[in-house]
Amino acid sequence: MKITYWSDFACPYCYIGETRLRNVIKDMPEFKDEEVEFEMKAFQLDPYAGVHATGDTQTRFAKKYGISMEEAGDTIEHISQLGRDEGIDFKYATTLFTNTMDAHRLTKFAMEKGDKEMTDKLTRRLYAAYFTDNRELADKDLLLGIAVACGFDAGEVKAVLDSDKYHDEVVLDEREAARYGIHAVPCFIIGDYALQGAQPAEYMKSALLKAMEKESSKVDESQGMTCGPDGCRIG
């Protein structure tokens, strides 16, 4: 089974949702002998974000959603706990929000190399760099180090990062999302079934079973926890 999903490395619900989905699959006996392939599509929450973080997450949250600092702190902690519940060392409060284009370009490079295990390792480490290590994902030295640690050639990676290669592929992913009516992430396409947001585990399990049964469906109207250009659903 192939699962295609749109995501951004700076999206908390994307990291939580993908991890939850992988955990659900791991615990389903129906998938014991089923090979599952994840294919990530790029979706930048803010294509105009800078290369360095400006301000802390709590202040950014409070301003963006028009809530108090206390409410922002509580919301951030709630989201972090959702991540910890999935086994992630989730530190949302101290994240450093920057542009993610280069991280997505690096992922496209990894996918072109054709080693799915190395690509999966890379995407997981990019998420962790942001949400656990609280690094700036626009830092090309950081991206180079992560890629090399995942087994990619340093010279090839540096050549990609020092160019604009794969920029068009990232933009095409985002245009494809728009054509499908995807305006917030994560969005998982599982067979003929679309799953929007970081849905509860039981909902994910139901979607997976329907996909295995080859039940065709339009994009599901119910939406779990998602993030889009205008922000994340925090209600």
Donor-acceptor check, side chain of Glu30 to backbone of Leu209, threshold 3.5 angstrom: yes or no? no

Of the non-hydrogen atoms in Leu143 and Ala103, which two are nearest, and what is the gap between them? CD1-N, 3.9 Å

For the pair Glu77 and Arg84, find out whether any cationic side-chain nitrogen is under 4.0 Å from an anionic carboxylate oxygen. yes

Is Gln196 close to Val185 at the side-chain level, that is, under 4.5 Å between some pair of heavy atoms? no

Contacts of Asp162 that satisfy side chain to side chain donor-acceptor pair (under 3.5 Å) - sequence neighbours left out: Lys158

With a 3.5 Å distance limit and no angle check, can you tell me whether Thr4 reaches the backbone of Ile189 through a side-chain donor-acceptor pair? no

May I have the list of side-chain donor-acceptor pairs in residues 46-56 shorter than 3.5 Å, sequence neighbours left out?
{"from": "Asp46", "atom 1": "OD1", "to": "Tyr48", "atom 2": "N", "distance (Å)": "3.0"}
{"from": "Asp46", "atom 1": "OD1", "to": "Ala49", "atom 2": "N", "distance (Å)": "3.4"}
{"from": "His52", "atom 1": "ND1", "to": "Glu136", "atom 2": "OE1", "distance (Å)": "3.1"}
{"from": "Asp56", "atom 1": "OD1", "to": "Thr59", "atom 2": "OG1", "distance (Å)": "2.8"}
{"from": "Asp56", "atom 1": "OD2", "to": "Gln58", "atom 2": "N", "distance (Å)": "3.2"}
{"from": "Asp56", "atom 1": "OD2", "to": "Thr59", "atom 2": "N", "distance (Å)": "2.9"}
{"from": "Asp56", "atom 1": "OD2", "to": "Thr59", "atom 2": "OG1", "distance (Å)": "3.2"}

We want to know whether Ser7 and Tyr127 form a side-chain donor-acceptor pair, criterion being a heavy-atom distance below 3.5 angstrom. yes

Is the closest side-chain heavy-atom distance between Glu174 and Val170 below 4.5 Å? yes

Among residues at least two apart in sequence or on other chains, which ones pass side chain to side chain donor-acceptor pair (under 3.5 Å) with Lys2? Glu39

Hits for ring pair (Phe, Tyr, Trp, His ring centres under 6.0 Å) against Phe188, two or more places apart or cross-chain, chain-then-number order -> Tyr5

Run the side chain to side chain donor-acceptor pair (under 3.5 Å) test against Glu71 and tell me which residues pass, sequence neighbours left out. Ser68

Please check: side-chain N/O of Asp139 versus main-chain N/O of Leu142, any donor-acceptor pairing under 3.5 Å? yes

Apply the test side-chain hydrogen bond (donor to acceptor under 3.5 Å, both in side chains) to residues Asp89 and Thr132: give CA-CA distance (whole Å), side-chain angles for both, the deciding distance (0.1 Å), then the verdict. CA-CA 6 Å; Asp89 184 9; Thr132 298; 5.0 Å; no

For Thr95, which residues count as a side chain to side chain donor-acceptor pair (under 3.5 Å) partner, sequence neighbours excluded? Thr57

Ring pair (Phe, Tyr, Trp, His ring centres under 6.0 Å) with Phe131: which of Phe97, Phe9, Phe90, Tyr13? Phe90

Quick one: closest heavy-atom pair of Leu126 and Leu137, and the distance? O-CD2, 3.8 Å

Candidate pair Glu213 and Lys210, rule salt bridge (charged side-chain N to carboxylate O under 4.0 Å, His left out), full reasoning: CA-CA 5 Å; Glu213 295 165 4; Lys210 287 178 181 179; over 6 Å; no

Taking Tyr166 as the fixed residue, which of Val171, Thr107, Leu106, Val160 is the one that meets the side-chain contact (heavy atoms from CB on, under 4.5 Å) rule? Val160

Whether over 12 other heavy atoms sit under 6.0 Å from Glu35 CD: no

For residues 102-112, which residue pairs pass the salt bridge (charged side-chain N to carboxylate O under 4.0 Å, His left out) check, not counting sequence neighbours? Asp102-Arg105, Lys108-Asp173

Please list all pairs meeting salt bridge (charged side-chain N to carboxylate O under 4.0 Å, His left out) that have one or both residues in residues 58-67, counting only residues at least two apart or in different chains. none

Can you name the nearest heavy-atom pair linking Ala62 to Met69, along with the distance? CB-SD, 3.9 Å

Derivation of the disulfide bond (SG atoms under 2.5 Å apart) call for Cys11 and Cys232: CA-CA 8 Å; Cys11 165; Cys232 299; 5.6 Å; no

Please enumerate all residues that pass side chain to side chain contact (heavy atoms under 4.5 Å, CB included) together with Glu34, with sequence neighbours excluded. Met1, Phe31, Val36, Met212

Checking Thr119 side chain against Ala110 main chain: does a donor-acceptor pair fall under 3.5 Å? yes

With sequence neighbours excluded, what pairs up with Cys14 under the disulfide bond (SG atoms under 2.5 Å apart) test? none

Shortest non-hydrogen contact from His104 toward Ala42: ND1-CB, 3.5 Å

Mind checking salt bridge (charged side-chain N to carboxylate O under 4.0 Å, His left out) for Asp120 and listing every partner two or more places apart, or none if nothing turns up? Arg22

Cut-off 3.5 Å, no hydrogens considered: what does the side-chain donor-acceptor table look like for residues 147-157, sequence neighbours left out?
{"from": "Asp153", "atom 1": "OD2", "to": "Gly155", "atom 2": "N", "distance (Å)": "3.1"}
{"from": "Asp153", "atom 1": "OD2", "to": "Glu156", "atom 2": "N", "distance (Å)": "2.9"}
{"from": "Glu156", "atom 1": "OE1", "to": "Lys113", "atom 2": "NZ", "distance (Å)": "3.1"}
{"from": "Glu156", "atom 1": "OE2", "to": "Lys113", "atom 2": "NZ", "distance (Å)": "3.4"}

